[in-house]
Enquirer: 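Structure provided below as C-alpha cells; questions to follow.
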Amino acid sequence: NQQNCLSYIEICKTNNSVDFSSVDKQPVFLMIGVCSNPANNIKYLNNIAFFAKKFQSNDFLEEISSISDKKDLEEKLLI
C-alpha cells in the first residue's frame, strides 16, 4: 500500500566543514539525507524539492548557520 510508505529525513550540522568537493567550492556544514521507499518516489521527490527551494535563499542559509540548538534547527528546516 503506497500510503503506508514512509520517508526518513536525517539532518546533520557540523562545527567544522566537510570537504565534499562541492560544485560551488564552498565548505559544507549541513547535510540532509532522505531515505524513502522506492514505491513512493513522488514523496521522495517532494521532500527533495522542499529542501531545494529553502536552500535557494541566502537569508535562510545565513539564519540556519547561526542556529546551534538541535530542536531549533529541526523546526526551522521542517517548517
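Numbers here are sequence positions counted from 1.
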Enquirer: Scan the side chains in residues 51-59 for donor-acceptor partners under 3.5 Å anywhere in the protein, sequence neighbours excluded, and list what turns up.
Expert:
| residue | atom | partner | partner atom | Å |
| --- | --- | --- | --- | --- |
| Lys54 | NZ | Ile79 | O | 3.1 |
| Ser57 | OG | Asp59 | N | 3.4 |
| Ser57 | OG | Phe60 | N | 3.1 |

Enquirer: Nearest 0.5 Å, please: how far is NZ in Lys13 from CG in Leu77?
Expert: 9.0 Å
Enquirer: Between Glu10 and Ile32, is there a side-chain heavy-atom distance shorter than 4.5 Å?
Expert: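 In short, these two side chains do not touch, never coming nearer than 4.5 Å.
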Enquirer: Could you state whether Met31 and Ile64 fall into the same hydrophobic cluster, counting links through intermediate Ile, Leu, Val, Met, Phe, Trp or Tyr residues with side-chain heavy atoms under 4.5 angstrom apart?
Expert: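 Met31 does not cluster with Ile64.
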Enquirer: Does Val23 sit in a hydrophobic cluster with other residues, and if so which ones, taking ILVMFWY side chains as linked at heavy-atom separations under 4.5 Å, directly or through other members?
Expert: none
Enquirer: Not counting sequence neighbours, list each pair that qualifies as a ring-ring contact (aromatic ring centres under 6.0 Å, His included) and has a residue in residues 25-48.
Expert: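 Found none.
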Enquirer: For residues 68-78, which residue pairs qualify under salt bridge (charged side-chain N to carboxylate O under 4.0 Å, His left out), counting only residues two or more places apart or in two chains?
Expert: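 Checked against salt bridge (charged side-chain N to carboxylate O under 4.0 Å, His left out) - neighbours excluded - the pairs reaching residues 68-78 are Glu63-Lys76, Lys71-Glu74.
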Enquirer: Nearest 0.5 Å, please: how far is CD1 in Ile42 from CG in Asn47?
Expert: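 Between atom CG of Asn47 and atom CD1 of Ile42 there are 11.5 Å.
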Enquirer: Do Val28 and Ile9 belong together in a cluster built from hydrophobic side chains that touch within less than 4.5 Å?
Expert: no
Enquirer: At what distance, to the nearest 0.5 angstrom, does OG of Ser66 lie from CG of Leu61?
Expert: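 One gets 11.0 Å once the value is rounded to the nearest 0.5 Å.
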Enquirer: Side chains of Leu73 and Leu30: closer than 4.5 Å at any heavy-atom pair?
Expert: yes
Enquirer: Can you pull out every salt bridge (charged side-chain N to carboxylate O under 4.0 Å, His left out) where at least one residue sits in residues 14-38? Sequence neighbours excluded, please.
Expert: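 Residue pairs passing salt bridge (charged side-chain N to carboxylate O under 4.0 Å, His left out), neighbours aside: none found.
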